[in-house]
Amino acid sequence: MSRTSVGRWLFTQEGVVDGYILLEGDEVVEVCRGRAPEGSSRAIVLPGFVNAHTHIGDSFAYPAPRGTVEEIVAPPNGYKHRMLRTASREQKVAAMRESISHMARTGTSAFIDFREEGSEGIQMINDSMGQTPVTALVLGRPVHSNASLEALADFVSLCDGFGMSSLRDWPRDLLERASKAAKMQGKLFGIHASEVVREDVDLVLGLKPDFLVHMTAASDDDLRAVADAHVPVVVCPRSNEFFGIDPRIPQLLDAGVEVALGTDNGMICRPDMLEELRAAYRLSLPGGGLAPADAVRLATHSGRKVLNALRNITTEIKHTDDLVVVETQGDDPLIEVVSATGSAHVAAVSRGGRLRRI
Ligand SMILES: [Zn+2]
């Protein structure tokens, strides 16, 4: 079978290098470094995106009305929670399915979803996955704040770990039991922290989280403590923008924190990682800015490091890995990726070595 090539650049651990992928039919047989053969498409090949924080369960409620974090997402009576109580299961599952297929089309390989609604919430995302090639890490949360360690251990055996709202929403002892139940089974424990109001970083880190979400209201000392504890932080720039919050990515990186990106609530924005990394780049400009390669790294390699807690995804770019091909126009592909490309420029995605043109 004749071989064809796609792309002119690769985004690797070291940044952009000349390179392309070699195909036999739709099978990726090799990721090659060096100058692309004549006729290879003008595109950059990136590792598949990792969307490190979603709540796709509220996609059915898109678009959310304007309001504060408290009014829109806080349990138990924020807009989101009122909507969750009134929508049908079919409505929720159909919207989740659409969000997952949106991720597949726009180059996301894996996502970490925080699920509300207890074990029923876990069942709903399982029902919405279908034949999708996208990997979901499902982090559930209990419905009762007095659940025993035994009940929490039973619960977490149904999913990949706990994804908790913030400290103030739960009794301390419940959070401690949930963290313990997750560790006992080698599962993840993630929690939102210091989104609008600064929370005590020692109390947060005392829960031994695998990662935190937001930290937008944290002090510089808090960020250093998180960096020293080697706890990654997932930042959601478009969700922050919706609520008028500065994502503070340059400050997080300066403090030495591993930063990954997530698209947050499906009712606020679509789970599209190219959009998210462009927002990360744009919204960081007033705070000192990000190098384009750093912005792309947030959506690719850093998310993979968060996932490495489960060791099911690597940071390598190789032919058997998940890849996304983004079309470009000029000679500086990274500037285009962070400022001008969108899902319309995703030419193809590869899952486990098989290329699918979009
Ligand atoms: Zn969230």
Side-chain angles (χ1 to χ4, degrees), residues 50-64 67-81 83-84 92 95-96 99 103 108 110-118 121-122 125 136-142 159-170 175 178 188-197 199 204 207 209-218 226 231-249 252 259-273 275-276 279-280 283 298-299 303 306-307:
V50 172
N51 188 341
H53 184 62
T54 61
H55 301 257
I56 63 165
D58 56 46
S59 302
F60 73 92
Y62 178 88
T68 63
V69 169
E70 193 70 25
E71 289 161 352
I72 303 300
V73 295
N77 290 318
Y79 163 80
K80 161 190 176 133
H81 299 277
M83 295 296 283
L84 280 171
K92 293 178 200 175
M96 287 161 80
S99 281
M103 286 194 258
T108 291
F111 68 106
I112 303 178
D113 195 62
F114 276 33
R115 297 277 35 244
E116 285 88 10
E117 303 189 280
I122 293 166
I125 194 169
L137 275 87
V138 178
L139 305 190
R141 67 179 68 153
C159 57
D160 299 302
F162 286 105
M164 306 303 285
S165 50
S166 62
L167 278 187
R168 66 177 181 279
D169 299 330
W170 301 90
L175 292 171
L188 294 173
F189 180 87
I191 186 165
H192 297 84
S194 295
E195 181 179 8
V196 181
V197 180
E199 292 169 309
V204 174
L207 295 168
D210 292 287
F211 65 94
L212 303 175
V213 183
H214 296 311
M215 291 299 278
T216 37
V226 168
V231 175
V233 173
V234 182
V235 178
C236 310
R238 286 183 301 161
S239 168
N240 294 155
E241 184 179 36
F242 179 87
F243 291 117
I245 295 170
D246 177 0
R248 301 181 74 227
I249 297 169
L252 281 151
V259 180
L261 284 187
T263 59
D264 214 358
N265 299 85
M267 64 179 186
I268 292 177
C269 43
R270 297 288 186 217
D272 183 327
M273 287 299 286
E275 291 283 336
E276 202 65 47
L283 297 170
L298 302 177
V306 175
L307 291 188

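Residue indices begin at 1 and follow the sequence shown. Basis for what follows: all heavy atoms, side chains included, without hydrogens, waters or symmetry-related copies. One-based numbering, in listed order, for ligands and for the atoms of each.
- Rounded to the nearest 10 degrees, the angle NE2 (His192) to the Zn ion (ligand 1) to NE2 (His53) equals 100°.
- Look at His55 and the Zn ion (ligand 1): an N/O/S atom of the residue is under 2.8 Å from the metal.
- Judged by the 6.0 Å distance and 45° axis criteria, Arg141 is not positioned over the aromatic ring of Phe114.
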Taking it one step at a time, do Lys80 and Ile72 satisfy side-chain contact (heavy atoms from CB on, under 4.5 Å)? CA-CA 6 Å; Lys80 161 190 176 133; Ile72 303 300; 5.6 Å; no
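- A donor and an acceptor atom, one from each side chain of Asn51 and Thr108, are nowhere located under 3.5 Å apart.
- Between the side chains of His53 and His192, at least one donor N or O sits under 3.5 Å from an acceptor N or O.
- The name of the N, O or S atom in Asp264 nearest to the Zn ion (ligand 1) is OD1.
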